[in-house]
Amino acid sequence: MFSSNFKNNLKKNLEFFNLLPQLVLIFILIFLIYSFIINTEINLKSRNLNFGFDFLNTNTGFDVQFSLISYDGSSSFLRVYFVGLLNTLLVAIFGIFFATILGFVIGVSRLSSNWIINKLSLVYVEIFRNVPLILQILFFYFVVIRSFPNPEKSFIILNFFIANLQGIYIPKFLFVNFSSILFALLISLIGIIILKRYANKIFYDKGKIIPVIKISLFFTSVILILFSLIGQVSFTIEFPKIVKNFGIINYVGGVKLVPEFIALLFSLSLYTSAFIAENVRAGILSINKGQKEASRSLGLNDSQTLKLIIIPQALRVIIPPTTNQYLNLTKNSSLATTIGYPDLAAVFAGTALSQTGKAIEIIFIVMMTYLTISLLISFILNLYNKKIAIIER
Amino acid sequence: MQIENIKNWLKINLFSSWYYSLISIIIIYYFLLIFPKFLDWAVFNATFIGNEKSDCKSSGACWVFIKVWFNKLIYGFYPEKDLWRINLSFFILIFTISLSFFIKDKFKIYILFFLILIFPIIAFVLIKGGFGLEYIETREWGGLSLTFILTFFGIIFAFPLGILLALGRRSELFFIRYFSLLFIEFWRGIPLITVIFAAAIMFPIFLPQGLNVDKLLRVAVGIAIFESAYIAEVVRGGLQSLPKGQYEAAKSLGMGYWKMNFLVILPQAIKAVIPGITNTFIALFKDTPLIILVGLLELLGMVNLAKSNSYWLGLAVEGYLFVGIIFWFFSFILSRYSQNLEKKFSSERY
């Protein structure tokens with residue numbers, strides 16, 4: 001009976017009452033697509049526009065205020081697409097990083113036995129979860145950042161961190177012969193993987209625990225120092241400097257984080273961290289108290305219990321919804337449009353679209369890009385999820 | 001005895017160890033430092049009376065700003081003499097919803113039908129015009145009422161569509177199944193902003209010449225379809241959580257596909273995922289301000305407009321705080337309500 005499942009299914013699909021709705025759906029879809037194409041042709045003709053992606057190679061003629069790759073008005077629209085994409089990825093990656101850390105801290109504090117910490121994190125979660133993200137972004141940009149001091153009265157921590165109305169300045173690290181460092185990192189990564197495999201084998205065969213983290217830290221630092229000496233790596237730190245121009249004080253050098261980036265990063269991280277915190281809390285709560293007691297009675301100490309028993313099980317519950325939050329953060333980064341941070345949506349679906357009028361092409365490209373990013377992230381995290389899922393025997 | 005209790009409570013909850021004590025003291029210190037200042041700004045030093053910006057002379061908040069703009073923030077540019085039409089629609093809505101708390105369970109279904117089928121028509125006629133009422137263009141709609149209109153429209157549109165998509169994704173008919181799957185994954189994979197841009201800018205190109213669909217309607221449908229994909233995934237979770245026996249039992253009673261789903265499966269599946277559905281609706285509610293990007297001004301949009309009015313410059317904090325509190329209030333109430341429902345239903349499952 002079960003072997004003919006597929007056949008049955010096929011037969012079912014071909015029955016009249018099952019076939020009919022499918023045919024109707026197909027017919028409606030074809031009709032819609034056909035009429036859209038016809039209408040588009042007529043509409044574009046009457047507006048003297050044509051469909052095509054040729055515009056990607058033409059000059060943009062506008063400037064972007066924040067870009068990771070070199071860009072000016074004479075660059076092509078393809079280039080501005082990459083500028084936007086990189087800016088989106090930049091804010092998404094840093095946002096995910098900060099949101100995860102904050103989310104875990106707040107999520108654990110939600111279960112703290114200290115009443116104040118407990119309630120404070122509850123208030124944090126309820127505030128940031130229940131207020132629209134777009135409002136938080138606008139608030140950060142128009143209220144918080146606007147209350148930063150003028151360049152003359154910048155908030156300075158020892159030349160490492162300078163904050164004023166124009167943004168935040170941090171030192172820039174400039175490496176000479178950076179490739180040998182990458183090489184060293186690669187070698188130590190391979191070494192660590194081998195060590196980890198070996199440690200696992202020893203653990204299962206003989207029950208001995210090898211301190212993998214300590215050894216690999218030591219190993220990595222030795223290799224890094226060795227390679228730096230051999231490869232003659234040197235680095236300089238470029239600090240932001242004060243420049244006075246016609247009595248106006250400015251900072252140059254170092255890495256300048258523009259206010260739009262800071263506002264977006266902050267609000268994305270805070271907003272998402274509130275959701276992640278709830279996931280973390282649910283994950284930790286989902287673990288039976290008996291697990292901890294069993295582990296203690298087996299003679300594992302507190303940190304071993306946490307590391308070997310609690311966290312691995314909690315992660316199983318935490319990761320799937322947290323993946324969704326990462327996806328949401330990436331998609332929400334498109335809210336950058338509201339404050340003018342030049343991300344993909346702002347610079348491509350905003351400025352480039354109004355310059356060229358190529359609505360269909362540009363919105364199609366932008367949608368497909370976000371779709372690809374979303375599917376990639378969920379694919380990678382699904383793989384990881386499968387790896388740590390319960391293996392039922 | 002009382003003091004002993006308090007002492008015990010403090011010891012257990014605040015000062016159980018030296019580092020907890022330290023953290024508690026630091027937090028209390030900062031709370032005492034910031035909170036009175038905030039209260040001073042928001043209440044004691046604030047200006048409530050007056051009709052002009054010049055009335056705000058104190059260092060506190062200028063709530064006059066909200067007061068003067070209040071009608072605009074709630075109703076947008078809706079003509080002043082017709083405001084009763086919006087008020088009446090919302091009165092009917094609130095009245096019917098509150099009525100549902102007082103009547104027997106078996107009549108609740110009629111209220112649901114009224115809200116889904118009849119009320120939207122009444123509200124539409126009232127707010128938009130027709131049947132002797134003056135027509136009012138949608139570009140004059142705005143403010144908090146527009147937020148609610150969009151949310152309500154989104155809910156009654158996205159919910160049925162989401163359920164159909166969820167059923168479609170689990171259907172045995174493979175064209176319907178893969179269509180639903182692609183549809184859901186597509187809408188879940190793109191940001192709402194691109195949907196709104198597409199609805200406002202790209203969609204008119206697809207329409208035959210001479211056919212003009214209102215921009216607000218296009219955007220509202222876009223948002224509703226977007227949210228329906230999320231509803232579909234939530235409902236699918238509920239469908240998957242049902243034991244197979246429920247399907248088999250329904251089939252053995254001779255029920256067909258639709259009867260089985262609507263009488264046996266869906267009522268249970270939806271009950272199981274009420275928190276997820278409410279969360280999606282809260283997300284929908286919080287997403288409505290995005291329409292500001294295509295020039296439609298709901299509550300946040302109106303505040304943005306008001307704060308950049310040259311006469312009222314520099315009052316962004318008051319405006320955003322007002323919007324924040326309103327959004328926070330409704331989202332919080334909704335999420336609490338859904339938690340209550342969940343507790344109530346979790347006892348009567350299966």
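Below, chain A is the first sequence line, B the second, and so on; all start at residue 1.
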Problem set entry | Intermediate values then yes/no, side chain to side chain contact (heavy atoms under 4.5 Å, CB included), B/Met202 and A/Phe364 | CA-CA 10 Å; B/Met202 185 175 81; A/Phe364 176 77; 5.8 Å; no

Atom pair [atom1]/[atom2] of [X] and [Y] - distance to nearest 0.5 Å:
| X | Y | atom1 | atom2 | value |
| --- | --- | --- | --- | --- |
| B/Phe322 | A/Leu135 | CZ | CG | 12.0 Å |
| A/Ile360 | B/Phe203 | CD1 | CZ | 11.5 Å |
| A/Thr337 | B/Ile292 | OG1 | CD1 | 11.5 Å |
| B/Thr194 | A/Ile362 | OG1 | CD1 | 13.5 Å |
| B/Tyr30 | A/Leu120 | OH | CG | 13.5 Å |
| A/Ser35 | B/Phe206 | OG | CZ | 10.0 Å |

Report which part of [X] has an atom under 4.5 Å of a heavy atom belonging to chain B: side chain, backbone, both, or neither.
| X | value |
| --- | --- |
| A/Leu29 | side chain |
| A/Leu327 | neither |
| A/Phe128 | neither |
| A/Val131 | both |

Exercise. Should the heavy atoms of other residues, nucleotides or ligands under 6.0 Å from OH of B/Tyr257 be counted, would the total exceed 12?
Worked result: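 More than 12 heavy atoms, drawn from other residues, nucleotides or ligands, come within 6.0 Å of this atom.
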
Exercise. For the candidates A/Asn328, A/Leu44, A/Leu335, which exhibits the highest count of non-hydrogen atom pairs separated by less than 4.5 Å from chain B?
Worked result: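 If we count pairs closer than 4.5 Å to chain B, A/Leu335 comes out on top.
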
Problem set entry | Leading residue by heavy atom contact count with chain B [cutoff under 4.5 Å; candidates A/Val366, A/Leu25, A/Ile127] |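 Heavy-atom pairs under 4.5 Å are most numerous for A/Leu25.
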
Contact origin within [X] toward chain A - heavy atom pairs under 4.5 Å:
| X | result |
| --- | --- |
| B/Ile205 | both |
| B/Phe179 | side chain |
| B/Asp287 | neither |
| B/Ile176 | both |

Quick one: does any side-chain atom of [X] pair with a main-chain N or O of [Y] as donor and acceptor, under 3.5 Å?
| X | Y | result |
| --- | --- | --- |
| A/Lys331 | B/Ile193 | no |
| B/Lys286 | A/Arg129 | yes |
| A/Trp115 | B/Leu10 | no |
| A/Asn43 | B/Leu207 | yes |

For this session: Go through the side-chain N and O atoms of B/Ser24 and A/Asn114 and say whether any donor and acceptor fall under 3.5 Å apart.
Result: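 Per modelled atom types, B/Ser24 and A/Asn114 side chains form a pair under 3.5 Å.
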
Exercise. How are the rings of B/Tyr320 and A/Phe139 set relative to one another: parallel (under 30°), tilted (30 to 60°) or perpendicular (over 60°)?
Worked result: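 Perpendicular.
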
For this session: Check the pair B/Arg188, A/Leu371 against side chain to side chain contact (heavy atoms under 4.5 Å, CB included), reporting the backbone distance first and the verdict last.
Result: CA-CA 8 Å; B/Arg188 273 162 46 90; A/Leu371 201 57; over 6 Å; no

Problem set entry | Options B/Leu290, B/Thr288, B/Asn304, B/Ile28, ranked by heavy-atom pairs under 4.5 Å with chain A, top entry |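 The candidate making the most pairs under 4.5 Å is B/Leu290.
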
